[in-house]
Amino acid sequence: MAPLVLIGALAAAACGRGGQDGSDGDFKIAIVTRNFTNPYWAALRDGALAEGQKLGVKVTVQAGQSETDADGENAQISTLAAQGYDCFGVVPVNATNVITPLTPVARKNIPILDLDTQIDAKASEQAGVSYASFIGSDNLDAGRIAGQKMLEALGGTGKVVILQGIAGEQNGINRDQGFTDAVTGKLEILQKAPADYEQDKGLQVTEAILKAHPDITGIFAANDTMGLGAAQAIKNAGRTGQIKVISVDGIQAALDAVKAGTLTGTVTQYPYAEGQLAVQSCLAQHQGKKLPERVVSPIAFIGKDNVDQQIAAFPRPIVAFDNPVEGLLNK
């Protein structure tokens, strides 16, 4: 429970104090993510808003309408760019979609944080857009952990499939790669299929997979909503318990499913903490501090043995993690 103390103490120390110029109370932060339908992004929003309230700064969080709504997300960025915000945090839909609407922000020398999903560095440089920091978890490691836990769940042998996210989206690519690296030569990967991080598509794709590969023993889903869809398809087929499902994100519904036994586990990435880190980083930058090039947010595997602990602490982490921003904020 150490991170609860860490974040709470940081907020308590920061609340009510001004920055070097005494103007923290007028400081405005804009954060734009993909959508709020996915509980993962809703948790990032909630963490950012809560941290803004604790630190005494104004935080606005907007989003598109779906995981793939690049146009809607870009429109939100463009609108906020004209409203006098002092720092931006952006979760892109893909590696390049947010670069164009961020160009006028960069021209005003307003700090920009790349959140959760890395934006293409070369394309950004060509457009004159740079980032004060990247804040996100290690998705390769998340995939590796999922692969190791799948090996344990299957006793070191079996046939599995992978539900991928949005085509070309780097987090999903990294999770896929990490899982594949962990199980290659041990588990047989029969198929990889995209389901766009959506629960309905996860259900539909898994139904087709169960027909094509009735002998599968495990499914790795690159996020929880697809994993929940897969678990529902397995239940509909009367095969709950016969096929292990491990996913990534740690949303409340996934934790409930782990407790119920329909999910084997989830690699939680604590988006609430990620939202907190974004606000802390914006404020530290405002106070004249240089941010680390990368701030790594925490991850942990949640299974039957620790799901009750995580449900009780949700949405906060149950693992300690290094927060390099903590020491930067003015006391």
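Residues take their numbers from the sequence shown, with the count starting at 1. Just so we're clear, the structure is a prediction, and the values are computed from it rather than from any experiment.
- When each of Asn174, Asn171, Asp116 is tested with Asn139 by the rule side-chain hydrogen bond (donor to acceptor under 3.5 Å, both in side chains), just one qualifies, namely Asn171.
- In this structure, the side chain of Gln287 engages the main chain of Asn330 through a donor-acceptor pair within 3.5 Å.
- In terms of heavy atoms, Ala278 sits closest to Ile31 at CB-CD1, 4.2 Å.
- When each of Val90, Val91, Leu115, Thr117 is checked for a side chain to side chain contact (heavy atoms under 4.5 Å, CB included) with Thr33, only Val91 meets the rule.
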message: For Arg316 and Tyr270: C-alpha separation, side-chain torsions, deciding distance, then whether side chain to side chain contact (heavy atoms under 4.5 Å, CB included) applies.
response: CA-CA 7 Å; Arg316 295 169 178 80; Tyr270 299 116; over 6 Å; no

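- Between the side chain of Arg144 and the main chain of Ala182, no donor-acceptor pair closer than 3.5 Å is present.
- Here NZ of Lys122 is found 13.5 Å from OG1 of Thr96. Values are rounded to the nearest 0.5 Å.
- In this structure, CD1 on Ile209 lies 9.5 Å from CG on Leu190, to the nearest 0.5 angstrom.
- Here the CD-CG distance, from Gln76 to Asp69, works out to 9.0 Å after rounding to the nearest 0.5 Å.
- A donor and an acceptor atom, one from each side chain of Ser124 and Asp120, are nowhere located under 3.5 Å apart.
- Without hydrogens or angle criteria, Lys108 side chain to Ala81 main chain gives a donor-acceptor distance under 3.5 Å.
- Side chains of Ser247 and Asp224: a donor on one and an acceptor on the other come within 3.5 Å.
- Here the shortest heavy-atom pairing between Ala284 and Val325 reads CB-CG1, 4.2 Å.
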task: Go through Ile251 and Leu228 one step at a time and tell me if the side chain to side chain contact (heavy atoms under 4.5 Å, CB included) criterion holds.
output: CA-CA 10 Å; Ile251 64 174; Leu228 291 168; 4.1 Å; yes

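- Using a cutoff of 4.0 Å between basic side-chain nitrogens and carboxylate oxygens, Glu169 and Arg34 are scored as salt-bridged.
- Atom CD of Glu293 sits in a sparse spot, with 12 or fewer heavy atoms from other residues, nucleotides or ligands closer than 6.0 Å.
- Residues meeting the ring pair (Phe, Tyr, Trp, His ring centres under 6.0 Å) test with Tyr40, sequence neighbours left out: none.
- Gln280 and Asn323 form a side-chain donor-acceptor contact under 3.5 Å, judged by distance and modelled atom types alone.
- Contact detail for Cys282 and Phe27: the closest heavy-atom pair is O-CZ, 3.5 Å.
- In this structure, the side chain of Ser133 engages the main chain of Pro292 through a donor-acceptor pair within 3.5 Å.
- With rounding to the nearest 0.5 Å, the separation of CD1 in Ile135 from CD in Gln118 is 12.0 Å.
- Using a 4.5 Å heavy-atom threshold, the side chains of Ile112 and Val129 count as touching.
- To the nearest 0.5 Å, atom CD of residue Gln53 and atom NZ of residue Lys58 are 14.0 Å apart.
- Applying the side chain to side chain contact (heavy atoms under 4.5 Å, CB included) test between Ile302 and each of Val267, Thr268, Asp308 identifies Thr268 as the sole match.
- With a 4.5 Å cut-off on side-chain heavy atoms, Tyr272 and Asp46 count as touching.
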message: Could you go through Glu67 and Thr225, starting from their C-alpha distance and side-chain angles, then the distance that decides it, and tell me whether this counts as side chain to side chain contact (heavy atoms under 4.5 Å, CB included)?
response: CA-CA 11 Å; Glu67 287 284 344; Thr225 51; 5.9 Å; no

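- The hydrophobic cluster containing Ile110 also contains Ile99, counting ILVMFWY residues as joined when their side-chain heavy atoms lie under 4.5 angstrom apart, directly or transitively.
- Leu329 and Val279 fall within the same hydrophobic cluster, defined by Ile, Leu, Val, Met, Phe, Trp and Tyr side-chain heavy atoms under 4.5 Å apart, directly or through other members.
- In terms of the side chain to side chain contact (heavy atoms under 4.5 Å, CB included) criterion, residue partners of Leu203 (sequence neighbours excluded) are, by chain and number, Glu207, Gln232, Ala233, Asn236.
- The shortest heavy-atom contact between Val98 and Pro92 is CG1-CA, 3.9 Å.
- In terms of modelled atom types and a separation under 3.5 Å, the side chain of Lys192 and the main chain of Ile162 share no donor-acceptor contact.
- A chain of hydrophobic side-chain contacts below 4.5 Å, direct or via other Ile, Leu, Val, Met, Phe, Trp or Tyr residues, connects Leu151 to Val248.
- Sparse packing is recorded around NZ of Lys259, with 12 or fewer heavy atoms of other residues, nucleotides or ligands lying under 6.0 Å away.
- Side-chain contact between Ile243 and Ile216 is present, with heavy atoms from C-beta onward closer than 4.5 Å.
- Inter-residue side-chain proximity for Asp215 and His213 is flagged as met; some heavy-atom pair is nearer than 4.5 Å.
- For the pair Ile29/Asp86, no side-chain contact is recorded, criterion being any heavy-atom separation below 4.5 Å from C-beta on.
- In this structure, Asn38 contributes its side chain and Asn35 its backbone to no donor-acceptor pair below 3.5 Å.
- Every side chain to side chain contact (heavy atoms under 4.5 Å, CB included) that Leu154 has, sequence neighbours left out, goes to Met150, Val160, Leu187, Thr217, Lys244.
- Side chain to side chain, Asn97 and Asn74 meet the donor-acceptor criterion of an N or O pair below 3.5 Å.
- At a threshold of 4.5 Å between non-hydrogen side-chain atoms, the residues Ile166 and Asn94 do not count as touching.
- Note on Val295: it clusters hydrophobically with Leu283, by side-chain heavy-atom contacts below 4.5 Å among ILVMFWY residues.
- The structure places CZ of Phe179 at 13.5 Å from NZ of Lys149, a figure rounded to the nearest 0.5 Å.
- With hydrogens and angles left out, the side-chain atoms of Gln269 and Ser137 include a donor and acceptor closer than 3.5 Å.
- Judged purely by distance below 3.5 Å, without hydrogens or angles, the side chains of Asp181 and Gln177 pair a donor atom with an acceptor atom.
- A heavy-atom distance below 4.5 Å is found between the side chains of Val61 and Phe36.
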query: Could you go step by step and tell me if Val183 and Glu188 meet the side chain to side chain contact (heavy atoms under 4.5 Å, CB included) rule?
result: CA-CA 8 Å; Val183 305; Glu188 183 180 355; over 6 Å; no

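- Here the closest non-hydrogen pair linking Leu80 and Ala30 is CD1-CB, 4.0 Å.
- By the 4.5 Å heavy-atom criterion applied to side chains, Val258 and Thr264 are not counted as neighbours.
- Contact detail for Pro194 and Val205: the closest heavy-atom pair is O-CG2, 3.7 Å.
- Cluster membership for Val93 and Phe134, using ILVMFWY side-chain heavy atoms within less than 4.5 angstrom, is not shared.
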